[in-house]
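Everything numeric here is computed off the predicted structure, so don't read it as measured data. Each ligand, and each atom within it, is numbered from 1 in the order the structure gives. Note that the numbering runs from 1 along the sequence shown for the chain.
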Amino acid sequence: MTRGTQLEIRPQALRHNAALARKLAPDSSVYAMVKANAYGHGLALAVNAMAPVVDGFGVAFMEEAQELLAIKPDVRVMVLEGCFDEEEWLLASELGLTVVLRSTAQLAQLNVLKLPRSLALWVKVDTGMHRLGMPVGEVDAAISALKHNPYIELKGLMSHLACADEPQHPLTARQLALISAAAQSFGLPYSVANSAALIRYPEHHNTLVRPGIMLYGASPLAEQSAAALGIAVTQQLTAPIIAFTQVPKGESVGYGASWVAERDTRVAVVALGYGDGYPRHAPSHTPVAINGQRTTLAGRVSMDMLTVDVTDMPHVMIGDRVEFWGDTVSATEVAEACGTISYELFCQVTSRPRRVIRDK
Ligand SMILES: *Cc1c(COP(=O)(O)O)cnc(C)c1O
């Protein structure tokens with residue numbers, strides 16, 4: 001017998017969600033963001049599942065691009081953070097990658113190079129997120145320099161939204177106005193739509209959309225669930241019950257004795273902990289489900305185990321599976337209870353849970 005802790009991944013659901021993005025943005029190229037091991041789903045599996053429905057893929061940096069091309073050599077790959085040195089620019093050109101240029105320092109590096117092949121380039125503009133990108137005022141000079149560079153195939157302007165998950169955040173309107181006006185003034189296409197903007201702002205799909213989280217089964221919008229948006233669940237994290245303890249009213253459970261039973265409580269001990277990537281700071285009201293019925297954590301998450309209140313579930317037995325997120329409990333709900341976002345939950349699952357590929 002094995003421990004039985006498992007992360008079920010569903011390729012058909014990934015493909016369904018990619019097809020949904022395509023359907024919502026029918027006139028744009030759809031680039032599926034697969035950085036960070038496809039948000040923890042497994043790069044090869046995600047790429048193979050989505051390749052038939054998307055136009056290309058987005059990764060954060062060159063090593064991820066190379067890893068992707070080793071899996072599937074014939075796909076278009078966009079490198080979101082661009083190149084870090086001369087060698088990477090040459091390699092990007094050789095491999096036929098699409099690269100994001102995000103600073104004047106990168107431009108200076110690029111402009112003195114003789115590239116082996118022409119290089120497709122998006123210029124990233126900082127429209128208000130203030131993380132990466134050129135200020136709008138520097139774009140003019142950059143575009144002129146690039147237009148004189150015989151190796152560059154200029155694709156357009158790109159920007160990233162800081163608050164697209166929140167309805168009607170004023171920064172979003174400002175960012176959208178800036179990027180669309182800049183693109184228009186240079187006569188270039190633009191790309192600004194992450195998952196949230198893809199759903200919320202069809203008028204800003206333009207030539208290329210960049211969905212991420214919606215492909216991975218979680219809602220990109222603060223006010224609407226994945227299910228309501230027609231997004232399919234792509235992963236389910238489960239582990240079996242390995243023991244029960246009876247905790248009398250007033251006694252505590254687990255490290256720090258932080259959770260105290262308010263009634264005589266039956267507690268199930270489950271084979272999942274922060275060593276598997278479940279957040280240690282998940283509080284005792286965090287939802288879980290057993291056989292489709294919801295309950296909550298009781299007590300602190302340990303490295304290899306955690307504890308769940310099953311007082312109102314007299315029929316559960318050793319070996320029954322507890323769902324931490326998936327069909328009954330959404331990753332978004334768990335994330336909210338833990339003060340984080342679904343993205344982080346997906347990225348943090350360690351190699352310990354056994355990966356099981358299942359289509360239903
Ligand atoms: C990760 C990323 C995306 C996807 O964002 P989601 O919120 O996951 O849809 C889009 N664009 C850039 C530049 C990114 O880094």
Practice task
Can you label the angle between the W325 ring and the Y278 ring as parallel, tilted or perpendicular, going by 30° and 60°?
Solution key: parallel
Handout entry: Over all atoms of both residues, closest heavy-atom pair of R355 and T350
Key = NH1-O, 2.7 Å
Handout entry: Part of I213 with heavy atoms under 4.0 Å of ligand 1, whether side chain, backbone, both or neither
Key = both
Exercise for the section: Identify, with sequence neighbours excluded, every residue that meets ring pair (Phe, Tyr, Trp, His ring centres under 6.0 Å) alongside Y343. Expected result: Y39
Practice task
Could you say whether the N/O atoms of P211 and ligand 1 ever approach to under 3.5 Å?
Solution key: no
Completion exercise
heavy-atom search around atom 11 (N) of ligand 1 in the protein gives R210 NE, 2.9 Å
Completion exercise
ligand 1 to Y39, heavy atom cutoff 4.0 Å, flagged ligand atoms 1 (C), 4 (C), 5 (O), 6 (P), 8 (O)
Fill in the blank from the handout: min-distance protein heavy atom vs atom 5 (O) of ligand 1 -> N194 CB, 3.5 Å
Problem - Least distance between heavy atoms, I242 atom then A271 atom - result: CG2-CB, 4.0 Å
Exercise for the section: Decide yes or no for L146 and L110: does some side-chain heavy atom of the first lie under 4.5 Å from some side-chain heavy atom of the second? Expected result: yes
Exercise for the section: Give a yes or no on whether a salt bridge exists between E333 and R294, defined as a side-chain N under 4.0 angstrom from a carboxylate O. Expected result: yes
Handout entry: Closest protein heavy atom (residue, atom, distance) for atom 9 (O) of ligand 1
Key = S195 OG, 2.5 Å
Problem - S252 (side chain) donor-acceptor with V260 (main chain) under 3.5 angstrom - result: no
Handout entry: ligand 1 contact by Y343, heavy-atom criterion under 4.0 angstrom
Key = yes
Practice task
Report, in ascending order of atom number, the atoms of ligand 1 lying under 4.0 Å from any heavy atom of L80.
Solution key: 13 (C), 14 (C), 15 (O)
Fill in the blank from the handout: Ranking H160, M214, K35 by closest non-hydrogen atom to atom 15 (O) of ligand 1, top hit is K35
